[in-house]
Amino acid sequence: MQQGPSLAYGPAIHNKLLAFVEKVAEDNKIPVQWRALSRSTGTDTDSFAYANDGCPSVLISMPLRYMHTTVEMIHKDDIESTIKLMYETLLELTPKTNLSYL
């Protein structure tokens, strides 16, 4: 049973961008799963968020089992939902999208 892409809360995650992605998912009826991260995301998201002046970053992941093994498994619907969420998010972002905390 597919439950959609995974969105994460954590220190490297930009809260306004995360809320933006969450709204895109809600508007497009894309189910999402949530996870909380205490420190590092374990992905390139950390590098984007902290390098130089930083870059607003969000982590959209595909939930899977047995990562980095010969039997890695993921539900086809989760792949399609993740792609759709990323695509719809990119369509909604504009140069006028306000991600400022002020």
Side-chain angles (χ1 to χ4, degrees):
M1 180 169 106
Q2 76 96 4
Q3 296 177 334
S6 170
L7 297 178
Y9 290 104
I13 307 301
H14 191 282
N15 290 329
K16 284 189 79 174
L17 184 54
L18 180 60
F20 184 88
V21 173
E22 181 181 11
K23 181 166 179 359
V24 169
E26 184 179 303
D27 291 348
N28 289 279
K29 296 179 178 32
I30 301 169
V32 295
Q33 301 178 65
W34 291 96
R35 62 187 180 138
L37 306 169
S38 61
R39 291 188 184 157
S40 159
T41 66
T43 70
D44 291 339
T45 302
D46 300 310
S47 298
F48 299 135
Y50 301 132
N52 297 320
D53 290 335
C55 175
S57 302
V58 68
L59 180 58
I60 302 172
S61 303
M62 289 187 288
L64 55 90
R65 290 184 180 180
Y66 317 120
M67 180 185 252
H68 303 303
T69 70
T70 57
V71 293
E72 186 171 274
M73 295 172 29
I74 187 167
H75 197 286
K76 180 183 172 191
D77 292 343
D78 284 334
I79 296 170
E80 291 171 357
S81 293
T82 302
I83 292 168
K84 183 174 181 178
L85 179 57
M86 291 178 172
Y87 175 76
E88 295 296 337
T89 298
L90 290 173
L91 289 179
E92 291 292 322
L93 283 171
T94 71
K96 294 183 180 185
T97 301
N98 182 1
L99 298 175
S100 173
Y101 284 123
L102 301 176

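Every heavy atom of this structure was used, including side-chain atoms; hydrogens, water molecules and symmetry mates were not.
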Please table the atom pairs, donor to acceptor, closer than 3.5 Å between any side-chain atom in residues 47-67 and protein atoms at least two apart or in another chain.
residue: Y50; atom: OH; partner: A12; partner atom: N; Å: 3.3
residue: S57; atom: OG; partner: C55; partner atom: O; Å: 2.7
residue: S61; atom: OG; partner: R35; partner atom: NH2; Å: 3.3

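A side-chain donor-acceptor contact under 3.5 Å links E72 to the backbone of H68. Checking side-chain atoms of N28 against main-chain N and O of I30 turns up no donor-acceptor pair under 3.5 Å.
The shortest heavy-atom contact between N15 and Y101 is N-OH, 2.8 Å. T41 and T43 get closest at one heavy-atom pair: OG1-OG1, 2.7 Å. Nearest heavy atoms, L99 versus H14: O-CE1, 3.0 Å. Taking each heavy atom of P31 and P5 in turn, the nearest pair found is O-CD, 3.2 Å. Here the closest heavy-atom approach between residue S40 and residue D46 is recorded as OG-OD2, 3.1 Å.
In this structure, CG in D77 is found 11.5 Å from CD in Q3, a value given to the nearest 0.5 Å. Distance check: K84 NZ to K29 NZ gives 9.5 Å after rounding to the nearest 0.5 Å. To the nearest 0.5 Å, the span separating CD1 on I74 from CD1 on I79 amounts to 4.5 Å. Once rounded to the nearest 0.5 Å, the distance linking CD of E92 with CG of D27 reads 7.0 Å.
M86 and V32 fall within a single hydrophobic cluster, where Ile, Leu, Val, Met, Phe, Trp and Tyr are joined by side-chain heavy atoms under 4.5 Å apart, directly or via other members. Both L93 and V24 are part of a single hydrophobic cluster, where members link through side-chain heavy atoms under 4.5 Å apart.
Evaluation of the ring-ring contact (aromatic ring centres under 6.0 Å, His included) rule for Y9 yields W34 as partners, not counting sequence neighbours. By the salt bridge (Lys or Arg N to Asp or Glu O under 4.0 Å) test, K16 pairs with no residue at all, sequence neighbours left out.
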